[in-house]
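One structure below.
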Amino acid sequence: MSEKFYFEIKHICKQSGARYGILHTPHGDVETPMFMPVGTLASVKYLSPDDLYAIHAGVILANTYHLWLRPGEDVVANAGGVQAFMNYKGPMLTDSGGFQVFSLAEKRKITEEGVTFKSHLNGEKLFLSPEKSIEIQNKLGSDIAMCLDECPGYPATYEYMKQSVERTLRWAKRCKEANHNPEQSLFGICQGGAFEDLRKMSAEGIAQLDFPGYAIGGTSVGEDKPTLYKMIDYAIPYLPSDKPRYLMGVGSIDAILEGVFRGVDMFDCVLPTRIARHGSLMTSKGRVNIRDKQYEYDLRPIDDECDCYCCQNFTRSYLRHLYKCDEGLAKRLLSIHNLRFLIHLMEEIRVAIQEDRYGDFKAELIKKYGLDQKDSKGF
RNA sequence: GCGGUUGUGGCGAAGCGGUUUAACGCACCUGACUGUGACUCAGGCACGCGUGGGUUCGAUCCCCACUAGCCGCC
């Protein structure tokens with residue numbers, strides 16, 4: 001682990017127990033709780049680094065599996081690492097490829113040794129082991145690397161989940177032993193699905209390995225919200241309280257609010273960028289689908305409470321036009337908006353925590369956004 | 001004016017007497033999207049097949065007239 005990497009908890013909300021902290025990384029400090037935009041292929045789709053600075057993005061993600069296939073980790077290493085490669089001056093986190101074990105399920109086979117993939121690009125047979133994932137991530141040079149884990153879908157049987165959790169623990173140990181980049185900090189990942197004892201076993205197991213940070217994984221794989229919250233509750237008590245906690249793949253507003261309430265410090269999700277590219281926006285009044293006819297003549301911004309470049313400069317009418325004409329600018333502006341919306345939400349969350357009113361803040365937002373409604377998508 | 005040819009939703013276009021509740025594509029209208037295989041996925045959108053008659057148990061599909069477009073020829 002890098003000496004430049006450490007986590008400071010600056011304040012614990014007296015009302016809720018939520019944490020405000022600072023994560024120090026070789027590429028700068030970031031405040032927590034935070035939301036991390038996803039840039040799988042060393043690019044947050046449609047956004048330049050300047051766009052990312054403008055929305056105050058802190059840590060951004062890249063993906064080991066995808067960069068391994070294209071352009072290859074040596075190409076990235078040759079450029080001086082993933083930050084230099086894409087010219088992003090902030091901190092970065094690389095996912096291990098574990099999620100692709102889940103999302104490319106028809107094209108892979110899991111054994112004790114690792115995962116055999118069929119490339120989604122050309123069908124080539126590939127093998128990713130814990131050691132290989134770390135070797136690739138070491139070359140990518142992210143500030144935070146993730147252990148290779150298995151991310152089973154939901155629901156899974158107890159028997160399957162148990163052996164999967166045990167194997168993921170063995171893989172975590174191998175990842176730790178394989179990690180040779182002193183500038184890179186490796187996070188462990190807790191699995192266990194919705195089973196309380198397996199979450200406990202997994203969390204205790206990785207905590208024993210003493211990682212600089214811990215993730216709760218196996219989330220956002222088809223479970224409902226109450227189940228997600230249970231997964232968090234089952235894991236948190238066994239994760240070291242002085243280390244950052246990262247809830248993987250979660251980006252809906254209600255889940256972020258509940259996650260922070262339960263002691264989560266880091267979130268990442270493709271949701272804001274993906275739905276933006278599909279014309280769907282998060283706003284203080286709920287979801288807006290910009291292609292809808294009702295916005296044809298609407299000269300208001302996407303969200304009149306938003307301070308982003310998109311909302312400060314463009315109307316719904318124009319954005320709808322751009323979207324319907326398939327202009328790339330629409331995807332960029334809408335992505336900027338959704339990311340800024342979530343990042344701004346995190347800023348408000350941090351203030352509320354420091355002022356010991358996060359419990360009230362969460363309740364207010366849930367009411368304001370109608371997130372307590374049965375049909376709420378948590379937009 | 002004469003001969004030929006074609007008229008199916010906003011557009012293109014299947015079907016050519018009875019499983020057509022009129023295929024499909026585009027456009028249009030709605031949803032969805034959670035460690036990105038994603039400018040993706042799902043759904044909706046023609047009580048009617050140029051108009052009017054006729055043949056037939058039955059007509060988008062056959063016949064006649066009309067009408068419109070297109071191509072030739074005077």
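Reminder, nothing fancy here: chain letters follow the sequence lines and each chain counts from 1. Quick caveat: nothing in here was measured; it's all calculated off a predicted structure. FYI, side chains are in, hydrogens and waters are out, and symmetry mates aren't considered; it's all heavy atoms of this structure.
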Practice problem: Tell me whether the OP1 or OP2 atom of B/rC28 has a side-chain N or O from A/K324 closer than 4.0 Å. | Solution: yes

Open item on the list: One thing to verify: whether A/K368 and A/E305 come together as a salt bridge, which I'm taking to mean a side-chain N less than 4.0 angstrom from a carboxylate O.
Closed with: yes

Open item on the list: For a quick check of understanding: with a heavy-atom distance under 4.0 Å over all strands, which category does A/L61 fall into, base, sugar-phosphate or nothing?
Closed with: sugar-phosphate

Out of B/rU34, B/rC29, B/rU36, minimum distance to the side chain of A/K293 belongs to B/rC29

For B/rG37, the nucleotide meeting Watson-Crick or G-U wobble distances (both under 3.5 Å) is none

Distance, P atom - from B/rG25 to B/rA14, rounded to whole angstrom | 15 Å

Closest of B/rU30, B/rG35, B/rU36 to the A/D292 side chain is B/rU30

Checking N1-N3 plus N6-O4 or O6-N4 for Watson-Crick, or N1-O2 and O6-N3 for wobble, each under 3.5 Å, the partner of B/rC45 is none

When both distances are under 3.5 Å in a Watson-Crick or G-U wobble arrangement, the nucleotide paired with B/rC62 is B/rG54

Paired to B/rC11 by Watson-Crick or G-U wobble criteria (both distances under 3.5 Å) is B/rG25

In Watson-Crick or G-U wobble terms, with both distances under 3.5 Å, the base opposite B/rC16 is none

ask   = When we call it a touch if two heavy atoms are under 4.0 Å apart, what does A/R108 touch: a base, just sugar-phosphate, or nothing?
value = nothing

The complete set of salt bridge (charged side-chain N to carboxylate O under 4.0 Å, His left out) pairs with one or both residues in residues 151-165 of chain A, sequence neighbours excluded, reads A/K162-A/E166

Practice problem: Would you classify A/D326 as touching base, sugar-phosphate or nothing, given that sugar-phosphate means primed atoms plus P, OP1 and OP2, and contacts are heavy atoms under 4.0 Å? | Solution: base

_Phosphate OP1/OP2 of B/rA32 contacted by A/N289 side-chain N/O (<4.0 Å)_ = yes

Is there a donor and acceptor pair closer than 3.5 Å between the side chain of A/D149 and the base of B/rG35?
-> yes

Contacts of A/Y323 and A/S103 projected onto RNA chain B by closest heavy atom; the upstream (5') one is A/S103

Are side-chain N/O atoms of A/T219 and A/E223 paired as donor and acceptor at under 3.5 Å? no

*How would you label the contact of A/L247 with the nucleic acid (heavy atoms, under 4.0 Å): base, sugar-phosphate, or nothing?*
nothing

| query | Reckon A/E223 touches a base, only the sugar-phosphate, or nothing at all at heavy-atom distances under 4.0 Å? | reply | nothing

**Item:** Between A/D303 and A/S284, a side-chain donor and acceptor under 3.5 Å
**Value:** yes

Which value, in whole Å, describes the distance between the P atoms of nucleotides B/rC11 and B/rC49?
-> 16 Å

Notebook entry, point to check: Rounding to the closest angstrom, what is the interatomic distance between B/rG58 and B/rC66 at atom P?
Noted result: 26 Å

Among the nucleotides B/rG35, B/rU36, B/rA32, whichever has the atom closest to the side chain of A/I189 is B/rG35

Has the side chain of A/T273 got a donor or acceptor atom sitting under 3.5 Å from an opposite partner on the base of B/rU36?
yes

> For A/Y46, which contact category applies under a 4.0 Å heavy-atom criterion: base, sugar-phosphate, or nothing?
Replying inline: base

**Message:** Between the base of B/rU36 and the ring of A/H66 - centre-to-centre under 5.5 Å, planes within under 30° - is that a stack?
**Reply:** no

A/E258 bridged to A/K225 by N-O distance under 4.0 Å:
no

With a 6.0 Å cut-off on the ring centroids, do A/Y53 and A/Y88 count as close? yes

Any salt bridge linking A/K118 with A/E124? Criterion: basic side-chain nitrogen under 4.0 Å from a carboxylate oxygen. no

Quote, to the nearest angstrom, the P distance that separates B/rG17 from B/rC74.
-> 38 Å

Worksheet item: Side-chain donor or acceptor of A/R291 under 3.5 Å from a matching atom on the base of B/rG31?
Response: yes

- At under 4.0 Å between heavy atoms, what does A/G97 touch on the DNA or RNA strands: base, sugar-phosphate, or nothing? nothing

Any strand, both distances under 3.5 Å, Watson-Crick or G-U wobble: B/rC70 pairs with B/rG4

Inset, instruction - Look at A/R320 and B/rC29 and indicate whether a side-chain polar atom (N or O) is within less than 4.0 Å of OP1 or OP2. - result: yes

